[in-house]
Amino acid sequence: MKIKNIDLGKSKIANISILLYFLLICIVEAEDLDYFGKKIDIKILDKLSSKSKLLKLDIGENFSYKNLEIKVLKCKNSKFDDNPEITTYLQVKDSKNSNNDEVFVFNGWTFSSSPSIQVFDHPVYDLWILKCY
């Protein structure tokens, strides 16, 4: 019984196009895992009056709400499951506090599913991240 060798590399163009096809699929799937948004929806609660307001902000925009100055530097969606994790980098100043003009009340990352990890602790206001798009 005689066995023939099969040369799989006879058509180099076919091999290169198959390789490029799989490379393109890997790049597209990797881009779908994380998405950096350009806008964000934040809900702010005034604990004294029990009123809440929905804020729609652009990334990098300074926004004043009563005595808070809010700036969102980044927002990111992770699409690993049906309920994506929204991660944001926030800077918040309290303009009523004249002694700490340059000090942030909050400066860090927040997570929509676990707000207790990085706590925005303010006696009057609470912030919730709702959407990054």
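Quantities reported herein were computed from a predicted structural model and do not represent experimental measurements.
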Looking at [X] and [Y], what are the two nearest heavy atoms and their distance?
X	Y	answer
D121	V105	O-CG1, 4.2 Å
L68	S95	N-OG, 4.5 Å
C75	T88	CB-CG2, 3.6 Å

Heavy-atom check, side chain of [X] versus side chain of [Y], under 4.5 Å:
X	Y	result
K56	Y133	yes
I42	I129	yes
K76	Y89	no

Enumerate donor-acceptor pairs with a distance under 3.5 Å from any side-chain N or O in residues 57-65 to protein atoms, sequence neighbours excluded.
from: D58; atom 1: OD1; to: K39; atom 2: NZ; distance (Å): 2.8
from: E61; atom 1: OE1; to: D58; atom 2: N; distance (Å): 2.8

**Prompt:** Short question: side chain of N77, backbone of C132 - any donor-acceptor pair under 3.5 Å?
**Reply:** yes

With sequence neighbours left out, write down each residue that passes salt bridge (charged side-chain N to carboxylate O under 4.0 Å, His left out) with [X], or none if nothing qualifies.
X	result
K47	D126
K131	none
K43	none
K53	none

**Prompt:** Looking at residues at least two apart in the chain, or sitting in another chain, which of them share a side chain to side chain contact (heavy atoms under 4.5 Å, CB included) with S49?
**Reply:** D46, K51

**Non-neighbouring partners of T87 that pass side-chain hydrogen bond (donor to acceptor under 3.5 Å, both in side chains), sequence neighbours left out** = none

**Message:** For a side chain to side chain donor-acceptor pair (under 3.5 Å) check, start with the C-alpha distance between D94 and Y125, then their side-chain angles and the critical distance, and finish with the verdict.
**Reply:** CA-CA 10 Å; D94 191 348; Y125 302 106; over 6 Å; no

**Asked** side-chain contact (heavy atoms from CB on, under 4.5 Å) between L130 and L54: does it pass, once the steps are laid out?
**Response** CA-CA 9 Å; L130 299 178; L54 178 65; 3.5 Å; yes

**Request:** Please round to the nearest 0.5 Å and tell me the distance separating atom CG of L73 and atom CG of N107.
**Result:** 7.5 Å

